[in-house]
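Below, read A as the first sequence line, B as the second, and so on, with proteins coming before strands; counting in each chain starts at 1.
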Amino acid sequence: MTKFSDLKLDPKVLKAIAEAGYETPTPIQEQAIPHALEGRDVLGIAQTGTGKTASFTLPMITRLGRGRARARMPRSLVLAPTRELAAQVAENFDIYAKYTRLTKALLIGGVAFGEQDKLIDRGVDVLIATPGRLLDHFERGKLLLTGVEVMVVDEADRMLDMGFIPDIERIFKLTPFTRQTFFYSATMPPEIERLTNTFLQGPARVEVARQATASETIEQALVEFRPSRRDRAASEKRRRLRDLIEAEGERLTNAIIFCNRKVDVDILAKSLKKYKLDAAPIHGDLDQSLRTRTLDRFRNGELKFLIASDVAARGLDVPAVSHVFNFDVPIHPEDYVHRIGRTGRAGRDGKAVTIAAPADAKFVTAIEDLLGKPLPRAESPAQTADAPAEDTPTAPAADTAAAEPKRRRRGKPAEAKAQPAPESVQPEPVKAEAAPVPAVAAPEPEQTARPRAEPKPRAQPRRGEDKRDDRRGQVVGMGDHVPDFLLREFRAS
DNA sequence: AAAAAAC
């Protein structure tokens, strides 16, 4: 079995790897690093959690080891789709570049320019950025990309989803064609294929075996939710969630609760707080410093419930999450896999509970098609219908507000505080903990022709055409293990 | 049925 020490990495990098406690590279690291060290372009088809980040960070540091940065001319560039992912790459870089003298700057939005400018002026070896902020710096004339020797595009298909491809293309054109390029995508839709054909030169194609199902260590359950009345749906659903949380008891140490919409993230977070649950929201409309602080608190165990949009669905390294709840069924089945992949990591047990209303049926079907097996239905605790006592007609306006957030002005999620107090009064006898009913259908053979969920001819290739689980069963090398440095606070520096 | 990202 290959060890890191067998790879021709810089001894300083090897030392940092050893110190971090790693010995064995993951498959993508093992395959990509030798090509990378030979100077070849690398096209990596891999998901987060496969050890992807180190597969480019380690050779990049090795390659940059000699030589030094000049003012405003970074020697390498890493592009990531979200601020949090960029920050994570920066953390990775710090740990593996520990014994080198390489410098870096994290260029993400939502943060003041001053500090970023200072670093660029001084000269950095590695720039880690989200596309928008990088171009912003460039347009302000603060940055020259003609010195870029290594460029990395991470999560390209997600960039596509987010409309970043024109930016990426532009950035490519600003860098010298002699650069070495590392390009990662979980899937290869045509637009991404075109990009790689244009900007990569004879790349080594490195593909990590895709995983069909969600990690075996994740217990999944589907809770069917049927509101007693349409105008009560929202508050009843929140109540159902609280019941489910309660039913988990001690087993639940912390959880990420996903909603499909930002407004609903805010509303749910407020509601849970009102019920004395330790909850805080995270989504893209919140101030970046708050996002960072909230995530840090959650990672440090100071926050029990993270209420999140899909900004937190992918790539985020959060150690030891015992539970994931889908307050809303994700519209795209691959998001389901990403969301529940936040739990059951590094071989730990995890549970993922999804609340599905009747109208969610088609999304549930799509998820089951993608997984290739049905989601176990959970026996729900305290039936909402049995408890007509809640929502007294005294507070009709309040609940309607919460139920129809879309009609409201956004940004001011104040509706939530209008949430009915009555709910809190009666702690329903929550009995019968969720007992997952075994799936009816026989488990399908994993790798046989999988019925693809998506209606094939899509106007635009979007999302993962073949998004699979990003958590594999067994973990090798830097796979899923979350090193300590990820627990530290990060900031743009 | 959404989210994300630049000011």
Side-chain angles (χ1 to χ4, degrees), chain A residues 48 79-88 106-114 116-117 127-143 153-171 225 230 233-234 237 256-268 281-288 291-292 295 307-316 326-336 338-339 354-367 403-407 410-411 413 454-455 460 462-464 467 492:
Chain A
T48 43
L79 296 168
T82 68
R83 298 169 182 174
E84 278 77 8
L85 287 174
Q88 271 181 197
L106 174 62
L107 305 186
I108 59 175
V111 175
F113 280 93
Q116 298 180 358
D117 283 343
L127 268 191
I128 301 160
T130 44
R133 180 55 73 99
L134 181 86
L135 286 172
D136 208 342
H137 277 286
F138 180 79
E139 279 157 13
R140 289 161 69 241
K142 290 286 185 182
L143 192 57
V153 178
D154 201 4
E155 307 243 347
D157 50 356
R158 195 168 174 203
M159 301 255 200
L160 174 66
D161 289 343
M162 293 167 67
F164 284 163
I165 294 304
D167 287 349
I168 298 298
E169 211 162 337
R170 187 168 161 220
I171 295 166
F225 163 73
R230 201 183 149 82
K237 195 174 181 187
I256 305 181
I257 304 175
F258 286 101
C259 300
N260 285 356
R261 296 180 196 76
K262 288 177 280 194
V263 268
D264 293 328
V265 168
D266 284 327
I267 291 169
L268 182 61
I282 189 167
H283 60 68
D285 279 355
L286 296 174
D287 184 81
Q288 184 58 38
R291 278 164 67 169
T292 305
L295 198 54
I307 321 305
S309 70
D310 280 319
V311 71
R314 297 189 193 203
L316 276 199
N326 286 313
F327 186 71
D328 297 314
V329 182
I331 295 162
H332 297 284
E334 57 274 20
D335 285 333
Y336 174 83
H338 286 289
R339 287 180 181 186
T354 300
I355 303 176
D360 296 322
K362 58 180 175 297
F363 303 123
V364 172
T365 305
I367 291 166
E404 308 277 359
K406 281 193 304 192
R407 308 243 172 100
R410 45 188 318 167
E454 93 251 19
Q460 213 211 349
R462 49 193 330 251
R463 294 278 157 172
K467 206 64 60 96

Heavy atoms only, 4.0 Å cut-off, all strands: where does A:F138 land among base, sugar-phosphate and nothing?
nothing
Is A:T130 close enough to B:dA4 that one of its side-chain N or O atoms is under 4.0 Å from OP1 or OP2 there?
no
Which part of the nucleic acid, if any, lies within reach of A:D360 when heavy atoms closer than 4.0 Å are counted: base, sugar-phosphate only, or nothing?
base
I need the CD1-P distance between A:I331 and B:dA3, as an integer number of Å.
8 Å
Just to be sure I understand the rule, does A:R291 reach a base, reach only the sugar-phosphate, or reach nothing, if contact means heavy atoms closer than 4.0 Å?
sugar-phosphate
Protein-nucleotide distance (A:I165, atom CD1; B:dA5, atom C1'), rounded to Å:
13 Å
Counting C-beta onward and ignoring hydrogens, is there a side-chain heavy-atom pair between A:F113 and A:H137 closer than 4.5 Å?
yes
Ring-face cation contact, A:F138 with A:R170, 6.0 Å cut, 45° max
no
Nearest to side-chain heavy atoms of A:E139, which nucleotide of B:dA5, B:dA3, B:dA6:
B:dA6
State, yes or no, whether a side-chain contact exists between A:I267 and A:D264 at a heavy-atom distance under 4.5 Å.
yes
Distance, rounded to the nearest Å, where A:M162 contributes CE and B:dA4 contributes P
8 Å
Nearest to the side chain of A:H332, which nucleotide is it out of B:dA5, B:dA3, B:dA2?
B:dA2
Counting only side-chain nitrogens and oxygens, does A:S309 get under 4.0 Å of the OP1 or OP2 atom of B:dA2?
no
Of all residues at least two apart in sequence or in a different chain, which pass the ring-ring contact (aromatic ring centres under 6.0 Å, His included) check with A:H283?
none
Without decimals, in angstroms, what is the distance between A:D167 CG and B:dA6 C1'?
9 Å
Calculate the interatomic distance between A:F258 atom CZ and B:dA3 atom C1'; express it in whole Å.
12 Å
Classify A:N260 by what it touches in the nucleic acid, base, sugar-phosphate, or nothing, heavy-atom distance under 4.0 Å.
sugar-phosphate
For A:G163, which contact category applies under a 4.0 Å heavy-atom criterion: base, sugar-phosphate, or nothing?
nothing
Could you check if a side-chain atom of A:I171 sits within less than 4.5 angstrom of a side-chain atom of A:L135, using non-hydrogen atoms only?
yes
base_contact_polar (B:dA4 base, A:H283 side chain, donor-acceptor, <3.5 Å):
no
Given B:dA5, is OP1 or OP2 found less than 4.0 Å from the side-chain N or O atoms of A:R158?
no
To the nearest Å, how far apart are A:D335 CG and B:dA3 P?
12 Å
I want to check one thing: is the phosphate of B:dA1, taken as OP1 and OP2, less than 4.0 Å away from some side-chain N or O of A:K362?
no
Atom NZ of A:K237 and atom C1' of B:dA1: how far apart are they, to the nearest Å?
11 Å
Spacing of A:E155 atom CD relative to B:dA3 atom C1', expressed in whole Å:
14 Å
